[in-house]
Enquirer: 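Pasting in a structure now, in structure tokens, and then I'll have a few things to ask.
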Amino acid sequence: QVQLVESGGGLVQPGGSLRLSCAASGSIFSINDMGWYRQAPGKQRELVAAITSGGSTNYLGSVKGRFTISRDNAKNTVYLQMNSLKPEDTAVYSCNAIVALRVGSTWSYWGQGTQVTVSS
């Protein structure tokens, strides 16, 4: 089984920074795309940032210039560096990974989610 474990969430003041980490473990052959999603109460889940196995990235427009997604393939870990945080960034942030268990067997996995609260 594959598990994604997230860390780094918490309470921060507007303008502050947080760094989220998501480490994948288990019977992993390779990891393709990885991404961070967020969902606030009463709102739809949205893709915040994504990164391919080759390092190409995409960002939600409202976080461009403030957030940076990166990955360490040797550690099966994806990061989200969040700077200049705003109250509207408050949400549960969840990690997603497209994992190949073997050739021809690829699945989507989710972390448990970590709360990010931006408030003064």
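These figures come from a predicted structure and were not determined experimentally.
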Enquirer: Examine Arg45 relative to Tyr37 and say whether NZ or CZ is less than 6.0 Å from the centre of the six-membered ring and inside a 45° cone about the ring axis.
Expert: yes

Enquirer: Within this structure, what is the CD1-CH2 distance for the pair Ile98 and Trp107, rounded to the nearest 0.5 Å?
Expert: 11.5 Å

Enquirer: Check whether more than 12 heavy atoms from other residues, nucleotides or ligands sit under 6.0 Å from atom CD of Gln39, and answer yes or no.
Expert: yes

Enquirer: Could you grab the distance from atom CD of Glu6 to atom CH2 of Trp110, nearest 0.5 Å is fine?
Expert: 9.5 Å

Enquirer: Between SG of Cys95 and CG of Leu4, what distance do you get to the nearest 0.5 Å?
Expert: 4.5 Å

Enquirer: Please list all pairs meeting salt bridge (Lys or Arg N to Asp or Glu O under 4.0 Å) that have one or both residues in residues 82-97, counting only residues at least two apart or in different chains.
Expert: Arg38-Asp89, Arg66-Asp89

Enquirer: Test your reading of the model: is there a side-chain donor-acceptor pair from Ser105 to the backbone of Arg102, 3.5 Å cut-off?
Expert: no

Enquirer: Search all heavy atoms of Leu47 against all heavy atoms of Ala49 and return the closest pair with its distance.
Expert: CD1-O, 3.5 Å

Enquirer: Do any pairs count as a side chain to side chain donor-acceptor pair (under 3.5 Å) and have a residue in residues 13-27, sequence neighbours left out, and if so which ones?
Expert: Ser17-Asn83, Arg19-Gln81

Enquirer: Please identify which of these residues, Val63, Ile51, Leu20, Val48, meets the side chain to side chain contact (heavy atoms under 4.5 Å, CB included) condition with Ile69.
Expert: Ile51

Enquirer: If we only count heavy atoms from C-beta on, is the Met82 to Tyr93 side-chain gap below 4.5 Å?
Expert: yes

Enquirer: Can you measure from OH (Tyr59) to CH2 (Trp36) and round to the nearest 0.5 angstrom?
Expert: 13.0 Å

Enquirer: Grab the two heavy atoms, one from Tyr109 and one from Asn96, that are nearest each other, plus how far apart they are.
Expert: O-ND2, 2.9 Å

Enquirer: Looking at side-chain heavy atoms only, is the closest gap between Val92 and Thr114 below 4.5 Å?
Expert: no

Enquirer: Carefully, step by step, assess Ser53 and Asp33 under the rule side chain to side chain donor-acceptor pair (under 3.5 Å).
Expert: CA-CA 6 Å; Ser53 60; Asp33 293 358; 5.5 Å; no

Enquirer: Restricting to side-chain hydrogen bond (donor to acceptor under 3.5 Å, both in side chains), what partner residues turn up for Ser56, sequence neighbours left out?
Expert: none

Enquirer: Could you measure the distance from the CG atom of Leu101 to the CD1 atom of Ile28? Nearest 0.5 Å is fine.
Expert: 8.5 Å

